Visitor: 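Here it is, the structure in full.
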Amino acid sequence: MAARVTAAEVKEILENSSLSDANVETFITGANVFITEALGDKNLSESLLKEIERYYTAHLIALTVERMASKEGAGGASITYNGTYDKGLKSSPYGQIVLTMDTTGTLAKMEGMKSAKTIAVKS
């Protein structure tokens, strides 16, 4: 399947990305294959799959070539970023957004996370 997103669309959400479009497209290819295989038959709209693919691509980039610092320092100055990060998709803000967007809970289940279900009951 053709990629749902472009390098420019992924770069819109990345902070300070210096990657070339060709570099980003490499990650898009992997993200597209994974999202298509994992969620392609889950009755999600193409627009939602596109956004999930975009944020999953950013997640892959954040974990590899543009790692996000949790703490930086030089001399006496230091900075620590807010946020709680774990492993898997929870290890970047982009991955956390992917988990939120996947309304089927499929990706959370793949990571061994428990999924929640909301049911409305008429009184």
Side-chain angles (χ1 to χ4, degrees):
M1 171 173 211
R4 294 176 183 90
V5 297
T6 65
E9 291 170 324
V10 173
K11 286 180 172 183
E12 286 176 358
I13 62 172
L14 289 173
E15 292 183 26
N16 306 318
S17 178
S18 60
L19 293 175
S20 70
D21 286 356
N23 287 102
V24 174
E25 287 165 3
T26 301
F27 290 97
I28 289 172
T29 299
N32 175 262
V33 169
F34 177 73
I35 295 304
T36 300
E37 290 291 321
L39 300 175
D41 63 349
K42 301 294 181 187
N43 295 321
L44 297 173
S45 70
E46 273 303 306
S47 58
L48 181 56
L49 286 171
K50 178 179 179 169
E51 286 303 302
I52 292 171
E53 186 172 306
R54 181 163 82 133
Y55 278 90
Y56 189 74
T57 302
H59 170 72
L60 294 176
I61 291 169
L63 293 182
T64 55
V65 295
E66 292 194 3
R67 289 191 169 194
M68 302 169 68
S70 60
K71 195 172 199 177
E72 293 180 351
S78 68
I79 183 169
T80 302
Y81 297 98
N82 290 329
T84 304
Y85 303 109
D86 202 342
K87 56 188 171 188
L89 285 169
K90 288 186 170 184
S91 64
S92 80
Y94 308 113
Q96 292 174 12
I97 292 169
V98 167
L99 287 171
T100 301
M101 288 181 170
D102 175 17
T103 57
T104 68
T106 301
L107 299 176
K109 288 177 192 169
M110 288 174 73
E111 293 204 340
M113 298 165 47
K114 294 182 180 179
S115 62
K117 187 174 186 178
T118 304
I119 299 173
V121 179
K122 287 185 174 182
S123 56

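What you are looking at is a predicted structure, and each value in this text was computed from that prediction instead of being measured.
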Visitor: Would E9 and K50 pass as an ion pair if we require N to O under 4.0 Å?
Guide: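 Salt bridge between E9 and K50, a charged N being under 4.0 Å from a carboxylate O: yes.
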Visitor: Quick check for you: to the nearest 0.5 Å, what is the distance between I97 atom CD1 and D102 atom CG?
Guide: 14.0 Å
Visitor: Looking only at heavy atoms, what is the nearest atom pair of S17 and K11, with distance?
Guide: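 Scanning both residues, the minimum pair turns out to be OG-CG, 4.5 Å.
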Visitor: With a sphere of 6.0 Å drawn around CG of N43, does it hold more than 12 non-hydrogen atoms of other residues, nucleotides or ligands?
Guide: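 Not buried by this count: 12 neighbours or fewer within 6.0 Å.
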Visitor: How long is the span from the OH atom in Y56 to the CD1 atom in I61, to the nearest 0.5 Å?
Guide: 12.0 Å
Visitor: Write down the atom of L89, the atom of E111, and the distance for their closest heavy-atom approach.
Guide: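 So the minimum-distance heavy-atom pair works out to N-OE2, 2.8 Å.
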Visitor: Under the side-chain contact (heavy atoms from CB on, under 4.5 Å) rule, what do L60 and Y94 come out as? Steps first, then yes or no, please.
Guide: CA-CA 9 Å; L60 294 176; Y94 308 113; over 6 Å; no
Visitor: List the atom pairs, with distances to 0.1 Å, where a side-chain N or O of residues 25-35 and a protein N or O form a donor-acceptor pair under 3.5 Å, not counting sequence neighbours.
Guide:
residue : atom : partner : partner atom : Å
T26     : OG1  : A22     : O            : 3.2
T29     : OG1  : E25     : O            : 3.0
N32     : ND2  : A2      : O            : 3.4
N32     : ND2  : E53     : OE1          : 3.0

Visitor: What distance separates R4 CZ from S47 OG, expressed to the nearest 0.5 Å?
Guide: 11.0 Å
Visitor: Measure the spacing between CD1 of I52 and CG of L39 and express it to the nearest 0.5 Å.
Guide: 5.5 Å
Visitor: With rounding to the nearest 0.5 Å, note down the distance linking OG1 in T103 to CG in L44.
Guide: 5.0 Å
Visitor: Which heavy-atom pair separates A58 from I13 by the least distance, and what is that distance?
Guide: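 Smallest heavy-atom distance, with atoms named: CB-CD1, 3.7 Å.
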Visitor: Identify, with sequence neighbours excluded, every residue that meets side-chain contact (heavy atoms from CB on, under 4.5 Å) alongside E51.
Guide: R54, Y55, M101
Visitor: Got a second to check how far S92's OG is from H59's NE2, nearest 0.5 Å?
Guide: 4.5 Å
